[in-house]
There are 2 protein chains.
Amino acid sequence: MTIKEVAEKFNMTNDTLRYYEKVGLIGPVKKNSSGIRDYSDNDLRRIEFIKCMRSAGISIEVLKKYVDLYEKGDSTKLERQHLLEEEQEKLEEKIKTMTDALDKLKYKIELYKTDKLDKYL
Amino acid sequence: MTIKEVAEKFNMTNDTLRYYEKVGLIGPVKKNSSGIRDYSDNDLRRIEFIKCMRSAGISIEVLKKYVDLYEKGDSTKLERQHLLEEEQEKLEEKIKTMTDALDKLKYKIELYKTDKLDKYL
DNA sequence: ATAGCATTTAGAGTCTAGTCTAAGTCAATA
DNA sequence: TATTGACTTAGACTAGACTCTAAATGCTAT
């Protein structure tokens, strides 16, 4: 699969794909005889995972750490699990924070709708 | 209330408070005779709102727009309501995205815990 | 009244995560 | 064969949101 196809499939830019490869989140992707990337199924699986985690706000730094551990083999399984568990906690907290904000936002909108808005921002 | 007290109360830095003031999210905050900020209750209310919305990822640009509309008076009520409704939608989508990622993360952790991990990242 | 810490300003610097540019290579088409 | 368009690289640039610096001034305790 070419970079263009992958980019379209996952709705991201060629640049981002090359950037992820440069920082080591994926690849190095195999290149054909004339130096053009040809993404494998395995590459696609990784990109999907990375994209999903990024969309949840997990930093590239953390994802890189996870990938590096994976590359080191089975001996890092427990460490990887712990890393993911930490990110799970952070993510749960973030979702809670956002849900709280959403509730406040909804409440404020309700005040607007019912014209009960006070004088404050 | 001094800038330090406010910063502590909301767990943010003096710099961030001055920055928010500079870009017009709050204030201008009243200063005492020797030029030192003295935050009013109203300032605190705003800061709390801004902080809550920022923690949900709403951009400074959008918040600034909301504040500016507020400053223009009652005639902007409907526009403000619409702005908030848009942010509500965006926020709901973001929470959904993050919840989906969280589910995948939990599933992956479960694979680690039960040692059913396949060969992929 | 002098030390030592907090506050002020303007403006520069930092960090993250891309995004863009320039210069070059390649394959397919007019 | 010349052009077009996609791809390549290294490296510069950007946006957003702070965060830090320097130099000046103010407050408090000794």
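Numbered from 1 within each chain, the chains take letters A, B, ... in sequence-line order. Any value given below was found using the heavy atoms of this structure, including those in side chains, with hydrogens, waters and symmetry copies removed.
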Is there a residue in [range] whose heavy atoms reach under 4.0 Å of DNA chain D, and which residues are they?
{"range": "residues 85-99 of chain B", "result": "none"}
{"range": "residues 24-37 of chain A", "result": "A:Lys31, A:Gly35, A:Ile36, A:Arg37"}
{"range": "residues 8-22 of chain A", "result": "A:Asn14, A:Arg18, A:Lys22"}

Task: Crowding at CD, B:Glu89 (>12 non-hydrogen neighbours, <6.0 Å) - done: no
Open item on the list: Counting neighbours of CG on A:Asn32 that are heavy atoms of other residues, nucleotides or ligands and sit closer than 6.0 Å, is the number greater than 12?
Closed with: yes
TODO: Report yes or no: does B:Ser59 contribute a side-chain atom to a donor-acceptor pair with the main-chain N or O of B:Val62 at less than 3.5 Å?
DONE: yes
- [ ] Could you list all the ring pair (Phe, Tyr, Trp, His ring centres under 6.0 Å) pairs where at least one residue sits in residues 48-78 of chain B, not counting sequence neighbours?
- [x] B:Phe49-B:Tyr66
Open item on the list: Give me each pair satisfying ring pair (Phe, Tyr, Trp, His ring centres under 6.0 Å) with a member in residues 20-44 of chain B, each pair once, sequence neighbours excluded.
Closed with: none
Open item on the list: Is it the case that the side chains of B:Asn42 and B:Ser40 hold a donor-acceptor pair, with the cut-off being a distance below 3.5 Å and no angle test?
Closed with: no
Open item on the list: Among residues at least two apart in sequence or on other chains, which ones pass salt bridge (Lys or Arg N to Asp or Glu O under 4.0 Å) with A:Lys77?
Closed with: B:Asp115
Task: Residue pairs fulfilling salt bridge (charged side-chain N to carboxylate O under 4.0 Å, His left out) with at least one residue in residues 47-65 of chain A, sequence neighbours excluded - done: A:Lys64-A:Asp68
Open item on the list: What's the angle between the local helix axes at either end of the helix from C:dA1-D:dT30 to C:dA30-D:dT1, using five pairs per end and rounding to 10 degrees?
Closed with: 10°
Task: B:Tyr19: side chain to side chain donor-acceptor pair (under 3.5 Å) partners, not counting sequence neighbours - done: none
Open item on the list: If the condition is side chain to side chain donor-acceptor pair (under 3.5 Å), which residues does B:Lys31 pass it with, not counting sequence neighbours?
Closed with: none
With a 4.5 Å heavy-atom cut-off, do [X] and [Y] have their side chains touching?
{"X": "B:Leu83", "Y": "B:Leu69", "result": "yes"}
{"X": "A:Tyr112", "Y": "B:Leu78", "result": "no"}
{"X": "A:Val29", "Y": "A:Asp38", "result": "no"}
{"X": "A:Asp43", "Y": "A:Lys30", "result": "no"}
{"X": "A:Met53", "Y": "A:Glu87", "result": "no"}

- [ ] Under 4.0 Å from any atom of DNA chain C, heavy atoms only: list the residues of residues 49-68 of chain A that qualify, in numerical order.
- [x] A:Arg54, A:Ser59, A:Ile60
Task: Candidate list B:Gln88, B:Lys96, B:Lys94, test side chain to side chain donor-acceptor pair (under 3.5 Å), partner B:Glu92, passing option - done: B:Gln88
Open item on the list: Looking at every non-hydrogen atom in both residues, tell me the closest pair between A:Ile26 and A:Leu17 and how far apart they are.
Closed with: CD1-O, 3.9 Å
Open item on the list: Can you give me the first and the last nucleotide of DNA chain D (5' to 3') that has an atom within less than 4.0 angstrom of a non-hydrogen atom in chain B?
Closed with: D:dA17 to D:dC27
